[in-house]
Protein chains: 4
Amino acid sequence: MIAMTMDSPLTESPTVAPGRGRPRDPEADENILSAARTLLAKNGFEAMSFEAIAQMTGVTRPTIYRRWPTKAHLANEIANGNGRDIPDVVETEGLRAQILAFLAQLMHQYERPEMGAANAGLIVSYQRNPELRDELHTPLESKARADLAKILRKARSRGLIRPAVDPDALFDIAVGAVVFRTMFSSLPRSETVVEDICDIVLNGID
Amino acid sequence: MIAMTMDSPLTESPTVAPGRGRPRDPEADENILSAARTLLAKNGFEAMSFEAIAQMTGVTRPTIYRRWPTKAHLANEIANGNGRDIPDVVETEGLRAQILAFLAQLMHQYERPEMGAANAGLIVSYQRNPELRDELHTPLESKARADLAKILRKARSRGLIRPAVDPDALFDIAVGAVVFRTMFSSLPRSETVVEDICDIVLNGID
Amino acid sequence: MIAMTMDSPLTESPTVAPGRGRPRDPEADENILSAARTLLAKNGFEAMSFEAIAQMTGVTRPTIYRRWPTKAHLANEIANGNGRDIPDVVETEGLRAQILAFLAQLMHQYERPEMGAANAGLIVSYQRNPELRDELHTPLESKARADLAKILRKARSRGLIRPAVDPDALFDIAVGAVVFRTMFSSLPRSETVVEDICDIVLNGID
Amino acid sequence: MIAMTMDSPLTESPTVAPGRGRPRDPEADENILSAARTLLAKNGFEAMSFEAIAQMTGVTRPTIYRRWPTKAHLANEIANGNGRDIPDVVETEGLRAQILAFLAQLMHQYERPEMGAANAGLIVSYQRNPELRDELHTPLESKARADLAKILRKARSRGLIRPAVDPDALFDIAVGAVVFRTMFSSLPRSETVVEDICDIVLNGID
DNA sequence: GCCTAATCGAGACGGTACGTCGAGTCTTGTC
DNA sequence: GACAAGACTCGACGTACCGTCTCGATTAGGC
């Protein structure tokens with residue numbers, strides 16, 4: 001989640017040593033992911049059962065388990081598997097434009113209903129199985145926080161932001177606002193959310 | 001969730017017409033809630049099965065269903081059933097103190113592990129069953145947003161805050177930051193989170 | 001079941017000492033029996049749940065239990081509670097006419113679908129709860145067998161039947177044939193069943 | 001039920017297409033049937049719950065449902081699943097010997113307590129679910145009645161029995177007597193029941 | 001005209017079982 | 001090896017009855 005710059009090579013989702021036996025059907029991967037996305041978007045994490053995916057795709061359950069050992073792994077693939085197509089925030093000109101771009105990119109990601117569904121399910125899964133958090137979530141979050149901290153250091157050195165600003169707090173605010181609005185809130189996404197949030201983040205309320 | 005002032009009398013959770021019929025065992029209510037809280041806190045929403053609660057309390061499953069027709073209803077009771085013990089933000093002196101109090105109160109609520117577990121489960125449940133959101137969540141959120149808007153109007157009229165500040169955006173930021181940090185993030189709650197967030201909210205980063 | 005002459009006074013189904021408290025609603029008795037008969041006839045013993053009866057009659061379950069402590073008792077009431085309206089076989093003239101009347105009367109009773117339903121349920125109940133058999137069934141069967149034995153003794157003394165005929169075997173044959181045909185068999189009741197059976201009973205197949 | 005000659009190959013109870021998929025555990029079949037028989041014999045149809053069978057065998061309920069979709073199907077397997085070990089009545093010499101053998105074979109089957117329990121439960125199930133009767137019972141009964149009719153035709157052509165004898169009535173009498181005596185009656189099976197019944201069937205009472 | 005007692009409705013309670021679904025895993029035979 | 005097929009255990013789901021209970025409100029005697 002919350003991937004920012006995303007220039008890491010990203011392991012091909014269900015990595016396999018290309019060894020001896022019959023090779024995996026590459027179509028299956030995409031079919032499974034597609035079905036999972038559909039189910040997530042339609043009725044959320046609980047509806048994305050391996051059983052349902054299997055029936056939708058004509059694939060059997062073991063075929064799915066061979067690729068993703070857990071619903072959480074599959075959900076994680078959908079939530080954080082791609083990345084890439086995101087504009088590199090760092091290159092954007094101007095502080096406000098950077099923040100806006102960052103928020104917009106986040107909002108763009110989290111607006112997809114399967115994103116919220118996958119992430120809500122992931123949180124539940126992490127509670128049940130804390131080591132999953134360490135495996136799937138923590139590295140991504142750490143990297144994203146570090147990326148933001150780096151950007152902020154640079155901005156601070158240029159005098160663009162107040163030195164007191166805590167990078168983690170900013171991260172919580174920015175990501176939290178978007179995540180909360182898209183996943184939790186009943187309020188529809190207004191046209192100006194991103195700008196409104198950006199305004200407060202930049203100028204405060206005072 | 002996100003209850004702010006909380007001066008309504010709050011219906012006794014599983015409301016029943018009194019008089020007719022054998023009265024419900026009031027101990028059962030508390031035992032069930034207590035077991036549910038324990039399970040939520042320990043292993044999250046999935047672990048809070050009616051089955052497990054029944055075994056822990058010695059109560060049978062139908063007895064639980066009689067009170068809460070759904071895991072979501074029970075989780076909602078735990079997340080939002082109480083309220084009350086929360087200081088009325090409006091009375092606090094000074095803008096910064098008000099914001100701080102608001103955030104601290106939120107943080108206090110969401111720090112309880114059963115709170116995050118319940119809310120994550122609720123989000124998943126809402127995805128599966130959208131009408132649950134309307135029943136359980138939307139009214140509370142509307143009220144909380146309205147409460148905040150009222151406070152902001154007053155503050156604005158006193159010139160304490162910039163007129164441009166969007167109440168909903170502020171709500172997303174404040175609640176989102178806390179919710180994100182407690183439910184989603186792997187980062188532990190630092191001593192100064194609340195202050196750090198408050199600082200940005202008040203002064204912006206610029 | 002299998003009641004033959006039926007001149008015993010038959011206890012009023014749910015006998016109560018007419019003592020102090022509020023008297024039982026006499027309408028309830030009939031409503032319950034009527035509902036039970038309907039359910040039995042329609043979907044058999046399993047469908048005759050106290051719950052369903054209660055809903056049909058507007059009576060509560062405890063009200064039924066006050067009168068019949070068990071489904072078996074209620075079913076027994078329906079199967080064997082009335083009696084009476086049956087012509088006394090003994091008075092009929094001629095051996096063949098007597099046998100015919102006996103079989104016809106049995107057939108008449110067992111043709112009612114609630115009869116078969118009640119009796120099938122009773123058998124199952126007796127298996128679960130053998131003492132119920134002693135309480136509800138055995139006395140009636142003993143009396144019926146004794147009645148038949150008496151008739152046979154008389155007939156034998158008049159030289160109407162062969163001395164070797166075993167009364168119990170005759171009972172098994174006559175009652176069994178009717179019970180089997182009505183309760184167990186898929187074959188519809190033909191016009192001449194009773195005559196056909198009677199013919200074999202009288203003359204044998206040889 | 002009431003199977004007579006039984007020379008059909010008898011499908012392996014829970015027929016499955018062989019080959020594909022993990023094969024069923026053949027031990028499970030036998031364990032389930034054995035447990036079911038025990039429960040039936042001990043406390044009748046109601047005691048033969050899938051739950052109890054599951055606990056006795058260590059198998060889970062779905063495993064039983066996979067084989068027998070209904071208590072009725074399982075009971076039917078126990079009542080009518082085997083067959084075979086029954087002497088072919090047709091080959092027996094002499095009319096009386098044939099009838100005796102037929103009755104004795106029936107009595108032998110129905111004496112097993114699980115037989116009565118299964119059949120009583122089946123009757124109740126058929127009432128609840130009439131199409132079950134068509135599926136499980138009617139074919140067997142039709143065949144048995146046809147078999148008997150054939151035997152009678154042959155015997156009649158040899159002048160062994162009176163032409164007037166109705167095959168269905170004889171079937172009702174013979175099977176009914178045995179079924180009634182074993183399932184319904186409180187009278188214990190006497191040494192001579194079969195002979196006594198046979199005597200009446202052959203010679204009548206007159 | 002109270003007292004006592006049984007009934008009534010309502011509805012909860014501990015049980016037991018139902019039939020189903022999903023999670024992961026395992027076992028075949030085929031590709 | 002992967003794959004389709006389909007079994008397996010385990011755990012939970014939500015529902016239905018069972019027979020019993022606790023209430024408050026009737027509705028009768030008996031004193």
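Below, all heavy atoms of this structure are taken into account, side chains as well, without hydrogens, waters or symmetry copies. Chain A is the first sequence line, chain B the second, and so forth, proteins listed ahead of strands; every chain is numbered from 1.
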Among the candidates [options], find the nucleotide nearest to the side-chain atoms of [X].
X	options	result
D:Ala28	F:dC8, E:dA12, E:dC8	F:dC8
D:Pro23	E:dT27, F:dG14, F:dC17	E:dT27
C:Pro62	F:dC18, E:dC18, E:dG11	E:dG11
C:Arg22	E:dA17, E:dT7, F:dT20	E:dT7
D:Thr63	F:dC8, E:dC8, F:dC18	F:dC8
D:Tyr65	E:dC18, F:dC18, F:dG14	E:dC18
C:Ser49	E:dA23, F:dC13, F:dC18	F:dC18

Check: C:Glu27 main-chain N/O paired with C:Asp25 side-chain donor or acceptor under 3.5 Å: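 Looks like yes, one N/O pair under 3.5 Å.
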
Which whole-number value in Å describes the distance from [X] [atom1] to [N] [atom2]?
X	N	atom1	atom2	answer
A:Ile64	F:dG6	CD1	C1'	15 Å
C:Phe45	F:dC17	CZ	C1'	12 Å
C:Gln55	E:dG9	CD	C1'	14 Å
D:Asp29	F:dA7	CG	P	11 Å
D:His73	E:dG19	NE2	C1'	14 Å
B:Arg66	E:dG14	CZ	C1'	9 Å
A:Leu132	E:dA23	CG	C1'	14 Å
A:Asn31	F:dC3	CG	P	12 Å

Determine, for D:Glu77 against D:Arg37, whether the closest basic-nitrogen to carboxylate-oxygen distance falls under 4.0 angstrom. no

message = Return the CG to CE distance between C:Asn119 and D:Met183, rounded to the nearest 0.5 Å.
response =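 That separation rounds to 10.5 Å.
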
Problem set entry | Pair of N/O donor and acceptor under 3.5 Å linking E:dG19 base with D:Arg61 side chain |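 Yes, a donor-acceptor pair under 3.5 Å.
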
Scanning both residues in full, the closest heavy-atom pair of A:Ala75 with A:Phe45 reads CB-CE1, 3.8 Å

According to side-chain hydrogen bond (donor to acceptor under 3.5 Å, both in side chains), who are the partners of A:Thr38, at least two apart in sequence or on a separate chain?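 A:Thr38 satisfies side-chain hydrogen bond (donor to acceptor under 3.5 Å, both in side chains) with no other residue.
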
Practice prompt. Examine E:dA12: is either OP1 or OP2 under 4.0 Å from a nitrogen or oxygen in the side chain of B:Arg24? Give yes or no.
Written response: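 Yes, within the criterion.
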
> 5'-most contact on DNA chain E: A:Met48 or B:Thr60, nearest heavy atom basis?
Replying inline: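 Result: B:Thr60.
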
Judged by nearest nucleotide, the residue sitting upstream toward the 5' end of DNA chain F, A:Asp25 or D:Asp25, is A:Asp25

Assign each of B:Glu46 and D:Arg128 the nucleotide of DNA chain F bearing its closest heavy atom; nearer the 5' end lies the nucleotide of B:Glu46

